[in-house]
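Chain identifiers are assigned alphabetically (A, B, ...) following the order of the sequence lines, protein sequences preceding nucleic acid strands; residue numbering begins at 1 within each chain.
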2 protein chains.
Amino acid sequence: MKPATDMKNDTSKRILDIAEELLLTRGFNAFSYQHISSALGVRNAAIHYHYPKKTDLGVALIQRYRRRFQRFVEAQGGLTPAQQLERYFTLTDAYFEHDQQICPSGILTTEYQTLPEEMQQQANAFVDEMRDWAVRIAACGREDGSMRYAGTPQAMGVLMLAALQGGLQLARTDQTVLLTLKEQIRALLGLTSPLP
Amino acid sequence: MKPATDMKNDTSKRILDIAEELLLTRGFNAFSYQHISSALGVRNAAIHYHYPKKTDLGVALIQRYRRRFQRFVEAQGGLTPAQQLERYFTLTDAYFEHDQQICPSGILTTEYQTLPEEMQQQANAFVDEMRDWAVRIAACGREDGSMRYAGTPQAMGVLMLAALQGGLQLARTDQTVLLTLKEQIRALLGLTSPLP
DNA sequence: GTCTATAAACTGATAGAC
DNA sequence: GTCTATCAGTTTATAGAC
């Protein structure tokens, strides 16, 4: 019988964890297999055994983001639109508080032109899924009357996604940005701040 | 007497022009002196003569952005807030239409953690100046009654900056994003679309 | 699965001739 | 100002031993 630790808690997963940290703090072009191998305490070639090309590693990273985001979305089917928005905000805060990481879609679209085509395709799908979720929150909020705002739900969803993506980046030069943005988005949706 | 062409139309300026194109399409970490020298038709060492370290080139780039942006802002003192906003939108569109370039502040804050300290300081000042301008538009628009929106002018300015910065990046995966964002920001400010 | 060893290309950077 | 020549360091990646 297997030990309590999952069989996926192996080197392959730890490589992804380290690569994710590097991707969200430095970007895909600014980290190397050396960064990973020294952080993991192994040699260069060991990383290539698990992910032969850096493109393979990049694709695996985005696919994991997509699976994780899908689970994140599914896990809050019963929540109100306002509650789902607050979860979105909490997720955003968590990125910033963890070494001032930024949104994966922010990295991927900023470095887009330098990424291999397989990563670009994965990035397209990922951005689509994030936008759809933001749009759904705005749409449901209007439908049940809990949110009141100008424009279409589609446009409001895109605005929220774009603002939070840019906001996480800008927060690196001014840490008050995220708090300001969250309050303003609530105000634009006709919501009041959640009680502390 | 000097020829009609300005004395600043020399190699040093052309290097900055090429570097700017590379920065806004590929990012600071994803272009090299080789890219510049081959585009300019000179050798590697010639670039180092004008900008000994890559950091020098990066600082010069941001300083030029700051001067240019300052002129851009001063050049529209007489315009209404709504007109100034439309100029902002036009500037944004121009970036995207030029090889899908993104906002300089988007590159600089995304790559922030990997930039040398001198570039970080310049980036901080640049972001401050851009945010101040966005806030000023929102503040003047409320003051003269031409814009109506929830929240403070400070928060609305930050939201517009963040949304357009993120929007230029997202536009690389979906070209309709910018049009959607412009319309939504107008709607949130209580403005109607400008006549075509 | 991890290691040693190494390749081939690229990077930022410098010295010194013209 | 630009050139040739060169450097030391890094990057992605592979071959083959253990």
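C:dT11 atom P lies 17 Å from atom CD of A:Q34, rounded to whole Å. Remark: P of C:dG12 and CG of B:N29 are 10 Å apart, rounded to the nearest angstrom. Between the P atom of C:dT6 and the OH atom of A:Y33 lies a distance of 23 Å, rounded to the nearest Å. One can place CD1 of A:I15 at 15 Å from C1' of D:dT12, the figure rounded to the nearest angstrom. Taking atom CG on A:L40 and atom C1' on C:dG1, their separation rounds to 12 Å, with Å as the unit. One atom, NE2 of B:H48, and another, P of D:dG1, lie 17 Å apart when rounded to the nearest Å. At whole-Å resolution of the value, NZ in B:K54 and P in C:dT14 are 15 Å apart. Rounded to whole Å, the distance from CG on B:N44 to C1' on C:dG16 is 16 Å.
Candidate nucleotides D:dT11, C:dT14, C:dC3 were compared by shortest atom distance to the side chain of A:R43, and C:dC3 ranks first. When each of D:dC3, C:dG12, C:dC3 is scored by its nearest atom to the side-chain atoms of A:A46, the top-ranked nucleotide is C:dC3. Which of D:dA13, C:dT4, C:dT11 sits closest to the side chain of B:S32 comes down to C:dT11. Comparing atom distances between the B:H35 side chain and each of C:dG12, C:dT11, D:dA13 picks out C:dT11 as nearest. Of the candidates D:dT4, D:dA13, D:dT14, D:dT4 carries the atom nearest the B:A45 side chain, counting heavy atoms from C-beta on.
A cation-pi contact, defined as under 6.0 Å to the ring centre and within 45° of the axis, is absent between B:R87 and B:F72. Relative to the six-membered ring of B:Y88, B:K182 misses at least one condition, a distance below 6.0 Å or an angle of at most 45° to the axis.
For B:T11, no side-chain nitrogen or oxygen approaches OP1 or OP2 of D:dG1 to under 4.0 Å. Proximity of B:H50 to the phosphate of D:dT2: a side-chain N or O atom is located under 4.0 Å from OP1 or OP2.
Side chain to side chain, A:Q120 and A:Q113 fail the donor-acceptor criterion of an N or O pair below 3.5 Å. Of the N and O atoms on the side chains of B:S12 and B:D10, not one donor lies less than 3.5 Å from an acceptor on the other residue.
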Between A:E183 and A:R186, is a salt bridge (charged side-chain N to carboxylate O under 4.0 Å, His left out) present by the stated rule, with each step listed?
CA-CA 5 Å; A:E183 264 304 295; A:R186 291 192 195 100; 2.8 Å; yes
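A:Y49 comes within contact range of at least one nucleobase, with a heavy-atom separation under 4.0 Å.
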